[in-house]
Structures are given as structure tokens and as C-alpha cells.
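Let me begin by presenting the structure, written as C-alpha cells, before commenting on it.
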There are 2 protein chains.
Amino acid sequence: MKKKIYVHVADDHKILIEGIIAVINTDKDIEIRDYSLTGKEVVDWFDKKGNKADVLILDITMPVLDGFEVLRHFNQKGINPKVIILSSYDDIKIVQEMLSLGCKGYITKNNAGEHIVDAIKAVANGEQYFSDDIQKILLKRFSGHHVPTGEAPVKSIIEALTERELDVLKLITKQYSSPEIADKLNLALSTVDTHRKNLLKKLKVKNSVGLAMYAVKNKIV
Amino acid sequence: MKKKIYVHVADDHKILIEGIIAVINTDKDIEIRDYSLTGKEVVDWFDKKGNKADVLILDITMPVLDGFEVLRHFNQKGINPKVIILSSYDDIKIVQEMLSLGCKGYITKNNAGEHIVDAIKAVANGEQYFSDDIQKILLKRFSGHHVPTGEAPVKSIIEALTERELDVLKLITKQYSSPEIADKLNLALSTVDTHRKNLLKKLKVKNSVGLAMYAVKNKIV
DNA sequence: TTTCTTCTCCCTGTAAATAGGGAGGCTTCT
DNA sequence: AGAAGCCTCCCTATTTACAGGGAGAAGAAA
């Protein structure tokens, strides 16, 4: 007799959680242990003694703490449930960032119903799991390589933004001009301009609008 | 004996639809007739002879046609199911736009589970229905007024964007500069500048970044 | 120690965006 | 016949943004 797989679900839309539970409950090998509506609830739940789950279904967009921050917290604390990201985003950068943070699976909400049970069983078994569309965009980048099924960590390709660049980017999305940003951060205008230039280069966008769109899509704001 | 309320659900995330069905099926007076995954499916379904629903649960973000366009289509064709918007967005402008397009209810995904059955019954009964958070932001604008329960249409406060302004806005979000936009639309640069000025004024934003953020938040792009 | 990254600031330009104004032609509604 | 809204284009002017380059200081890593 197989041991049950215990699952924790985190998403800020309760109705989506209800849907997931409805789907998962059709399988006898899997049991929902509990759910969280914010990132903070997730980390609190796992911090609490006695609370354990084999697999964590994790949304990215959540109040208080988002999915990224939840994983960073786990990495710091040495907690490592097998995490499956369940997100609307199919941006390659987000996927890679999540992989580098240690997630074991990534499925999009578009076809979650078909994949979620398989995904849970796969990652519970030590494998990785990606939904079709995610596999596609991953293969586009790593053409020639195959998706590792073991513990081989996929290294992030994107150049991470520095703290200062993030500071500037956030203020740009708040519609501040460079002189205003310089003022707010106590920097010379030339410094802000430098950060702007580096942001444009790193994110491969044409102008401030591109920066703003990137920030929105990647939930930096 | 009461007549059953027939409901059609439209959302691009199937798992969310499954959740809604699970919740609604707890109520004996309501029956899900069918569901759609895109805006086009919705209008096709209602166009098909014999297909009728009393209430339509409608998401805003959907491929092919979004929620706005679905309602515009209904208005043109003279089809008028009672529409409840189910969305993540609690932007006052979106709510007002939807109201001016004739929707009868608006609930956010955050607390859909608690509200959706009540909402369906209310609008099926000819009333309007808004979830708590939506009521709050509506009252902020219409302080002193009460939410009408009859057929009194709430007039949109926002100045709607014109077709041309939308054209320009969309190209701005694609990171085109004004000269490039002028070229693409076969306009003089001065004309594009005029549209830009009017956009900034209408949307009350400071710069192009503000325009882009508005477009993203309001799902114009 | 050397190397690398980050952060800081500077220079010289050109291109673009913003702010204010006006104005003529066009439809649509009253 | 007005009035109103939209689309188009023009003027002047200032402020920002973008592009390319260099460079010094501090800290971390190899």
C-alpha cells in the first residue's frame, strides 16, 4: 500500500483553491493538508511545528509575500518542500528564476486541470514536471539539452538586477522622472541615468515603457 | 416551486471554472448550462439558437475577445443576459466601464466563493450585486448616492478613450516612439503628439510610463 | 593580490517627450 | 443652424530620455 502524498495549496483566489481541491480529491493517493491565501500564511504554516507537506502548490501573485519571496524564505530556513508553481505567467525569465530558487515543477493555469495530478505525483517521486507550454519555452532556450529529471539545477540565464537598479525601476514605474528619482535616492542625475542605461540593456527593452511593462509582467511592482 | 436559474460561466482558466461549478452546485436553484474559455466562445454560444442562460459569469481577461468586447457585442446584437463580472481587478475605472456596458453585478475573485451564489440569485431577480470591496470603491466615488437596485444605469465618469487614442496607446505599450507611431498610422508627428497629450490628460498620468501602466491594469494590451 | 561587481559620477551629443497655445474639416446630435 | 466631439495638423519652447564613452572607490571573491 502506497503512502499518501500530502499537499499544501497557496493561492490568493480562494475559488481557485476550491477548484484545485475538487480536482485533486478525485485521486485517492493525494490529500490536501491545508491551504494558504497569502505568502505569509505559507511560510507561517511551514514554520509551525508538526505541519508538513510533501508538495506545495504555489501561486506567484500573492499579497504580503509573493511566490518568489516564499521560496527565498524556504531557502534561507532550510525548509524544502517540493514546490510546483501554478501561475498564469509563461515568461521564460520567471520560470528560470523559479527554477533557480529550487522549484520542482511549473504548470500554467490554462491547463492546470489536466496536469496537476500528474505533476504532484511526479515531483513527489523526485522528478521534475512542466506543463506542455512551459516545456516548449524551456526547450526554446536550452535547445539540445533535455529537461533534467534528477536534481540537476538549471542555472538562471537572466542577468539579475542589482538592488540599486531595482530601486530605480520601481520609481520609474511610479512615473517619477530621472531628476525626481535622483532626488528621492540622493543620487546625481548621471547616476540615475547610468542605472537606466543598464536596465535597458539587461532587460533588452527600448525605453521606459519597456521597463514598466517588464516590471508589471514580472510582478516587480 | 421556483424555476431554476440557468448560468453560463466564462473564464480562460478552466480550473477556476471547475471551482465555480463546485461551489454553485451546492445550490439546488442554480444550474450551470455550459462554460466558455474565450470571449469568442461566449458570443458564439449565445448566438447559437436555443442556447440561453439567465445569468452569465464573465471574466475580463480572456483570449480572442475580452470581457469588454463581449459586452459590446451583446449590446450591438441586442442580446442581454444578466452579466456578473468575476475579475481580479478592483479598479474603479474598470468597474464603471463595465457598468456602463450594462453588467448587473461585479465580484472580485478574492472572495468569490462567499458571494457568487448570492450574486447569481440577486441579478436573476433583477437586482444589482457587488462584492464588499467593489461596493467600497464605488461608494468612494458616489458618496451620498446609494447603489441603485433597479435599472438606473450608472453613468461612466471616466472619459472614454477614442479609437485613435487607443491606437496610439497600444503602440506606445509596444515601445514605439512617437515618430514610429506616426509612421505606422500614417499620421503627422504633431497628430500623434496631440493624442499623447490628450491621453495624459484623460488618464491623469504623468508620462508614457503612466500610460503603459494604465493600459496594463485595464487590460487594453 | 588580482579580478570582478557594484555603485557612483562625469562628459558630449542627439532624439524624444512634455506643455501651452491655436485651427480647420468632419460628423452627429439638438 | 449651432453645438459638440473627434481627427487632423501646425507653432514655440523646455525638459527628459537615450546613446556612447570613461573612470574612481569599495567590497567580495578567486
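Numbers restart at 1 for each chain; the letters A, B, ... are given by sequence-line order, proteins then strands.
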key: Heavy-atom check, side chain of A:Val42 versus side chain of A:Leu56, under 4.5 Å   =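 They are in side-chain contact.
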message = Any heavy-atom pair between the side chains of A:Ile5 and A:Lys121 that's under 4.5 Å?
response =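 Sidechains of A:Ile5 and A:Lys121: in contact.
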ask   = Where the side chain of B:Arg164 is defined as all heavy atoms beyond and including C-beta, which of D:dC9, C:dT18, D:dC7 is the nearest nucleotide?
value =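 My answer, after comparing the listed nucleotides, is D:dC7.
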message = Taking the minimum atom-to-atom distance to the side chain of A:Ser190, which one of C:dA17, C:dC10, D:dC10 wins?
response =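 Taking heavy atoms from C-beta onward, the closest nucleotide is C:dC10.
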task = Please lay out, stage by stage, how B:Lys202 and B:Glu165 fare under the test side chain to side chain contact (heavy atoms under 4.5 Å, CB included).
result = CA-CA 10 Å; B:Lys202 279 187 180 179; B:Glu165 286 165 354; 2.9 Å; yes
message = Could you work out, with salt bridge (Lys or Arg N to Asp or Glu O under 4.0 Å) as the rule, every residue matching B:Asp118, not counting sequence neighbours?
response =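 B:Asp118 satisfies salt bridge (Lys or Arg N to Asp or Glu O under 4.0 Å) with no residue once adjacent residues are dropped.
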inquiry  = Run the salt bridge (Lys or Arg N to Asp or Glu O under 4.0 Å) test against B:Lys206 and tell me which residues pass, sequence neighbours left out.
reply    =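 Checked B:Lys206 against salt bridge (Lys or Arg N to Asp or Glu O under 4.0 Å); matches are A:Glu180.
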request  = Give B:Leu200 one of three labels, base, sugar-phosphate or nothing, depending on what nucleic acid heavy atoms sit under 4.0 Å from its own.
outcome  =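 Result for B:Leu200 = sugar-phosphate.
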key: A:Lys109 with A:Asp59: basic N within carboxylate O range, under 4.0 Å   =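 Salt bridge present between A:Lys109 and A:Asp59.
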For the pair made of [atom1] in [X] and [atom2] in [N], what is the distance, rounded to whole Å?
X	N	atom1	atom2	value
A:Lys201	D:dA17	NZ	P	19 Å
A:Leu189	C:dT12	CG	P	15 Å
A:Ile172	D:dA17	CD1	P	8 Å
B:Leu211	C:dA17	CG	C1'	11 Å

request  = Please work out which residues in residues 175-187 of chain B have a non-hydrogen atom less than 4.0 Å from an atom of DNA chain D and list them by number.
outcome  =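 Residues of residues 175-187 of chain B under 4.0 Å from DNA chain D: B:Leu187.
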ask   = In residues 191-199 of chain A, which ones come under 4.0 Å of DNA chain D, going by heavy atoms?
value =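 The answer is A:Arg196, A:Lys197.
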ask   = With sequence neighbours excluded, what pairs up with B:His195 under the ring-ring contact (aromatic ring centres under 6.0 Å, His included) test?
value =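 So B:His195 forms no ring-ring contact (aromatic ring centres under 6.0 Å, His included) with any residue.
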task = Not counting sequence neighbours, which residues clear ring-ring contact (aromatic ring centres under 6.0 Å, His included) with A:Tyr129? List them please.
result =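 Listed in chain order: A:His115.
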Residue-phosphate contact under 4.0 Å: A:Ser208 side-chain N/O, C:dA16 OP1/OP2 =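 No.
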What's touching nucleotides 25-30 of chain C from the protein side, N or O pairs under 3.5 Å?
none

key: Short side-chain donor-acceptor distance under 3.5 Å, A:Ser208 and A:Arg196   =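 Short answer, yes.
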For [X], enumerate each residue passing the side chain to side chain contact (heavy atoms under 4.5 Å, CB included) test, keeping only those at least two apart in sequence or located in another chain.
X	value
A:Ala53	A:His8, A:Trp45, A:Phe46
A:Leu189	A:Ser178, A:Pro179, A:Asp193
B:Asn125	B:Glu127
A:Ile17	A:Val9, A:Asp11, A:Ile21, A:Tyr35, A:Leu37

ask   = So how far off straight is the helix from C:dT1-D:dA30 to C:dT30-D:dA1, going by the axes through five pairs at either end, to 10°?
value =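 Rounded to the nearest 10 degrees, the bend comes out at 50°.
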